[in-house]
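Note on naming: letters A, B, ... go to the chains in the order of the sequence lines (proteins, then strands), and numbering restarts at 1 for each one.
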There are 2 protein chains.
Amino acid sequence: MWFEETHNDFFKQAIRVEEKLAEVQSPYQKIEVYRSKEFGNVLVIDGHGMLCDKDEFIYHEMMAHVAMCTHKDPKRVLVIGGGDGGVAKEVLRHPEVHVDMVEIDEEVVKISKEYFPHIGDWENPRLNLTIGDGIEFVKNCQPKQYDIVLVDSTDPEGPAEGLFNRTFYANVFRILKDDGLVVAQGESWWIDMPLHKQIMGVMGEFFKIVMPYRFEMYMYPGCNWNFILASKFYHPTADIILQRADLIDGLRYYNSDIHKASFVLPNYVKQELGDLYKW
Amino acid sequence: MWFEETHNDFFKQAIRVEEKLAEVQSPYQKIEVYRSKEFGNVLVIDGHGMLCDKDEFIYHEMMAHVAMCTHKDPKRVLVIGGGDGGVAKEVLRHPEVHVDMVEIDEEVVKISKEYFPHIGDWENPRLNLTIGDGIEFVKNCQPKQYDIVLVDSTDPEGPAEGLFNRTFYANVFRILKDDGLVVAQGESWWIDMPLHKQIMGVMGEFFKIVMPYRFEMYMYPGCNWNFILASKFYHPTADIILQRADLIDGLRYYNSDIHKASFVLPNYVKQELGDLYKW
């Protein structure tokens, strides 16, 4: 039995799974969980592989710690989406940081607590979980509230579609402090350059620094994926990278050398991005 | 119509192809060529995707230029395998370098000249092609002949099996000058860590520096792949990286920042490799 995902009609991949553990149709999306010998439990939303036990640490560490170590003194972090709890957990490894998390789909949180209990840090008193629409949340939020916003969304279809447009990023810019920054799931220069460039362009309408960085995930088509960091002030590689994450025990992917290396672009990517790359 | 490849019984991937252009059974292996809209022509050997037009430059640039820019003054380079001609072509972009190439399967060269004519630089007078067994070639070669050996082989099955053992590397070490180095196709820490570690171990029996580096290829399962650089003298990242490749026009992947970044290891890889990583 294989869980198979097709992307763009020219590339597909599949991983072997043993059984389906759960299937829930929420008001927003279809959520499935499979069990796999090699990858552990696998979360699937609307037919797209979201994460698996084996390598979830890569996504979550790379979204959280790159942002946390670019900002010089982050205290208030907003996570949009991220219902599995992994991004918030990684942020909370940094002491004295408070996380507001806004997930639209309560069923994702329930499923994650049951089938991926080690991923979240749900009982942490510095975590404030709201079940609600992230788009509405940023619209109604007071200006200059946050040091960092992390947009841990699915692809731009279904409930996440509104997390990729200029109205949303106008509000993200507004609620960030003057030295604030955002990291978003940025699709992939590897498997879908046009979509990646589109997101770069939207973020670039507001932020003076917009830079993609790479990581890998078994669950994503082509396995190579990007986050995009957009910043009002701090630069993720030109400034000295804070090595505070190197001091955190138990990180399995992130270190300060990986931080710098993940931002390096092959020639063809530089050429494709052109002025969309604001560094 | 899909060209599908299964690896290790837990991961498979497929790319859409339009038609089969060629199929040849040579004395050594089955060679196929497919045409694909997205990837251009695709070379398949014994059922494994070897390369495609779309991203062959990544493999070939990363094997050739990392070695060429680690060595301070390379003049004589031996390419074992590499029958598509791509690695030799990239080496030959560096002026005054002479390449000996030993490919066991003449049919691979013929097919490559016909279906991938832009990949090779076959008429270059600085290229000396021998059709023969690379294992025999290094056994019979005089000592200290080469600055660089590049082992551009298929997986360790069929004719390439003998390119992964200690007898072969004893000879590679012997035919390299005192400041020589070798780069080999190193399988993948991402999709097959045990095999990757095995190759690291064999190379580490002879060389004082043994370091893997990463790149990506659509044709390979999981798309993330490794070369391994083993060196008698020059260090690929601690020394100043020569920027001579940055001066070559038309490189689409390699630059000196990519050179350095590709050697950076995530924490879990460092931990897995342990003493096999000799830097």
Listed by residue number, which members of residues 32-40 of chain B have a heavy atom under 4.5 Å from any heavy atom of chain A?
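The residues closer than 4.5 Å to chain A, in numerical order, are Glu38(B), Phe39(B).
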For Trp2(B), is it the side chain, the backbone, both, or neither that has a heavy atom closer than 4.5 Å to a heavy atom of chain A?
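It is the side chain, since no backbone atom gets that close.
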Roughly how far, to the nearest 0.5 Å, is the CG atom of Asn255(B) from the CG atom of Leu265(A)?
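These two atoms lie 8.5 Å from each other.
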To the nearest 0.5 Å, how far apart are CD in Glu216(A) and CZ in Arg214(B)?
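Reported to 0.5 Å precision, the distance equals 6.0 Å.
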Between Leu251(A), Ile15(A), Asn224(A), Asp257(A), which has the largest tally of heavy atom pairs under 4.5 Å with chain B?
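Of the options given, most contacts go to Asn224(A).
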Looking at Phe11(A), Tyr268(A), Tyr218(A), Phe263(A), which makes the most heavy-atom pairs under 4.5 Å with chain B?
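So the answer, after comparing Phe11(A), Tyr268(A), Tyr218(A), Phe263(A), is Tyr218(A).
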Listing request: all salt bridge (Lys or Arg N to Asp or Glu O under 4.0 Å) pairs with a residue in residues 4-15 of chain A, at least two apart in sequence or in separate chains.
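Sorted pair list: Glu4(A)-Lys12(A), Asp9(A)-Arg16(B).
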With a 4.5 angstrom heavy-atom cut-off, which part of Met217(A) approaches chain B: side chain, backbone, both or neither?
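For Met217(A), backbone heavy atoms alone lie under 4.5 Å from chain B.
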Identify all side-chain donor-acceptor contacts of residues 271-279 of chain B below 3.5 Å with residues at least two apart in sequence or on another chain.
| unit_1 | atom_1 | unit_2 | atom_2 | d |
| --- | --- | --- | --- | --- |
| Glu272(B) | OE1 | Lys197(B) | NZ | 2.9 |
| Lys278(B) | NZ | Gly204(B) | O | 2.8 |
| Lys278(B) | NZ | Phe207(B) | O | 2.8 |

Tell me, with the steps shown, if Val264(A) and Lys260(B) meet side chain to side chain contact (heavy atoms under 4.5 Å, CB included).
CA-CA 9 Å; Val264(A) 175; Lys260(B) 285 171 272 186; over 6 Å; no
Heavy atoms, side chains only, cut-off 4.5 Å: are Asn267(B) and Tyr253(A) in contact?
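Sidechains of Tyr253(A) and Asn267(B): no contact.
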When you compare the side chain of Cys223(A) with that of Tyr220(B), does any pair of heavy atoms fall below 4.5 Å?
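No, too far: nothing below the 4.5 Å cut-off.
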Are there residues of residues 48-60 of chain A that reach to under 4.5 Å of chain B by heavy atoms, and which ones?
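Residues of residues 48-60 of chain A touching chain B at under 4.5 Å: Asp55(A), Phe57(A), Ile58(A).
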Glu19(B), CD: over 12 other non-hydrogen atoms inside 6.0 angstrom
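More than 12 within 6.0 Å, yes.
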